[in-house]
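First comes the structure, then the notes that go with it.
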There are 2 protein chains.
Amino acid sequence: MPDSEYRDIRRLNLFSQMAEENFTSLMRGAYVQNFPAQIELITEGEPSDFFHVVISGSVDLFSSWNGRDTSMATVRPISTFILAATIKDAPYLMSARTLEKSRIALIPSQDVRAIFDADSDFARAIVTELAQCYRSVIKSQKDLKLRTSLERLANYLLRQQRHAGGETVFELDFEKRRLASVLGMTPENLSRAFKGLQPYGVTVTGTRITIGNQGDLEHFAKPNPLIDDFST
Amino acid sequence: MPDSEYRDIRRLNLFSQMAEENFTSLMRGAYVQNFPAQIELITEGEPSDFFHVVISGSVDLFSSWNGRDTSMATVRPISTFILAATIKDAPYLMSARTLEKSRIALIPSQDVRAIFDADSDFARAIVTELAQCYRSVIKSQKDLKLRTSLERLANYLLRQQRHAGGETVFELDFEKRRLASVLGMTPENLSRAFKGLQPYGVTVTGTRITIGNQGDLEHFAKPNPLIDDFST
DNA sequence: CTGAAAGATTGACTTTCATCAATTGATTTT
DNA sequence: AAAATCAATTGATGAAAGTCAATCTTTCAG
């Protein structure tokens, strides 16, 4: 692993406070690999052999049941996934596939658990990370249960706008079919939902979104930090 | 606090491994109170001043947005709620109200955070607890996104049946209106959903459920441990 | 540059679900 | 026990969302 990557990973909140020796030990046991797009990295139900760190590219976490499937989240560099399964030594609850060419570090789960037992700074960092993940899912659950699909889309656009710097014009960073799945609707309905937001000044050209009237859209979307602010 | 309660709380996975001294210190700072039914214990958005332990009774965790609200979970003795907010020192994401007369221990959040910093066994127990909570919400998210309301009800009944000992006849432990909210539907639709399960041998009399044909119902519900098994 | 393939959109239709109103049933209060 | 209250159910209706098929658009390999 190149030194720059090593340092980038070390800077993650999860790893930044642990003893150098333990971090080095974790990294020594890690496999770093380049994967092409659309590769299934893990499959739900399998034992959690590896903890994953996305170094570049992006990864879709999804889940299936009875022939249906749904996107649960997207992991972008630099961050990690499947921490809870690793810690509990329990089966993966979600599958993961690369969305594009991606570079990923695979850390054997048993190493993570061993260092977790040995390094209490690492254990504490894991607490913070898990609490963050937990709260994110709760927010997403509230989004799903309390809002219509039109409201979810409106709020997603506002979040994405903020994430992209707050400009009036910005780009979606999802394929629309995946966005639909993340928002819990069909691609057809997403198309119609975009039209449904036209009265609030939203125009769409390909992946380019224009918020024509910020106030109108916000008045409709009623964003709420307890649902939409992913930083707390 | 009576000795028996003290010991019951101590036996929780969250507290069982920590140093006696630290547990005692936590309990010394705790307030134990009896609340009547329908009391709002905490309100979403407020700072997380107290970590809560339900000693008896039951508590509904719910959330509101734009005039709507939804039940997120029910907490039954002996267990805890609002751990993530306490640890992160972040606002509550959910409100909580007693469903019945309940006895609840309130532990100042700053005490929990202080002991978390001092006692690495406690920190480790928190990891396990949070990982469990996180995985539970993911399962619930999958339930919501991958299943129709009829399928959710069918699987809920199977889970509840198992929880009640596996007998053909068992009792719902929810008021139906709350069950509806937990399952993400209206009370009216829950009524119709029960009727929709009649062809699979389900009969309902008040809160008493009879599974007339286990195989039929399971064939329809297609329960899956990665969604329905809350123990892993 | 062209054609193939995949994604996105649109329209027509169906199913699912929420809402509203009325009624029934159960429980509590006086 | 009668009245009052609240939950549960039912029917009628409308809105929201899924499905299917056809068409349009974009992307990209050859």
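Residue numbers start from 1 in every chain, and the chains themselves are labelled A, B, ... in the order their sequence lines are given, proteins ahead of strands.
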Quick one: [X] [atom1] to [N] [atom2], roughly how many Å, whole number?
{"X": "B:L183", "N": "C:dA18", "atom1": "CG", "atom2": "P", "answer": "11 Å"}
{"X": "A:N189", "N": "C:dA8", "atom1": "CG", "atom2": "P", "answer": "15 Å"}
{"X": "B:Q38", "N": "C:dT28", "atom1": "CD", "atom2": "P", "answer": "14 Å"}
{"X": "A:K145", "N": "C:dC17", "atom1": "NZ", "atom2": "P", "answer": "14 Å"}
{"X": "B:M185", "N": "D:dT9", "atom1": "CE", "atom2": "P", "answer": "12 Å"}
{"X": "A:L153", "N": "D:dA16", "atom1": "CG", "atom2": "P", "answer": "15 Å"}
{"X": "B:L197", "N": "C:dT16", "atom1": "CG", "atom2": "P", "answer": "13 Å"}

request  = For the pair B:Y92 and B:H52, name the ring-plane relationship: parallel under 30°, tilted 30 to 60°, perpendicular over 60°.
outcome  = perpendicular
Would you say [N] has OP1 or OP2 under 4.0 Å from some side-chain N or O of [X]?
{"X": "A:T148", "N": "D:dA16", "result": "no"}
{"X": "B:T186", "N": "C:dA18", "result": "yes"}
{"X": "B:K195", "N": "D:dT9", "result": "no"}
{"X": "A:S191", "N": "C:dA8", "result": "no"}

query = Looking at five pairs on each end of the helix from C:dC1-D:dG30 to C:dT30-D:dA1, what is the angle between the two axes, given to 10 degrees?
reply = 40°
Detail all sub-3.5 Å separations between protein N/O atoms and N/O atoms belonging to nucleotides 12-15 of chain C.
| from | atom 1 | to | atom 2 | distance (Å) |
| --- | --- | --- | --- | --- |
| C:dA12 | N6 | A:R192 | NH2 | 3.1 |

query = Does A:K176 count as lying over the ring of A:F194, i.e. NZ or CZ under 6.0 Å from the six-ring centre, within 45 degrees of the axis?
reply = yes
query = When you look at CG of A:N13, are more than 12 heavy atoms from neighbouring residues, nucleotides or ligands closer to it than 6.0 Å?
reply = no
remark   = Per atom distances to the A:E175 side chain, the nearest of C:dC17, C:dA8, D:dA7 is C:dA8
remark   = Looking only at C:dA18, C:dA8, D:dT9, the nucleotide nearest the A:R177 side chain is C:dA8
query = So among B:K142, B:K139, B:R135, which one has a salt bridge (Lys or Arg N to Asp or Glu O under 4.0 Å) with A:E44?
reply = B:K142
task = Apply side chain to side chain contact (heavy atoms under 4.5 Å, CB included) to the pair A:L83 and A:C133, showing each step before the final yes or no.
result = CA-CA 9 Å; A:L83 178 56; A:C133 291; 5.8 Å; no
ask   = Heavy atoms, side chains only, cut-off 4.5 Å: are A:E167 and A:I211 in contact?
value = no
note = Value for CD1 (B:I42) from CG (B:D49), rounded to nearest 0.5 Å, stands at 10.0 Å
request  = Mind jotting down which residue pairs meet the salt bridge (charged side-chain N to carboxylate O under 4.0 Å, His left out) criterion with at least one end in residues 155-166 of chain B? Sequence neighbours excluded, please.
outcome  = B:R159-B:D228
inquiry  = Quiz question: going by heavy-atom distance under 3.5 Å, is there a donor-acceptor pair between the base of C:dC20 and the side chain of B:E188?
reply    = yes
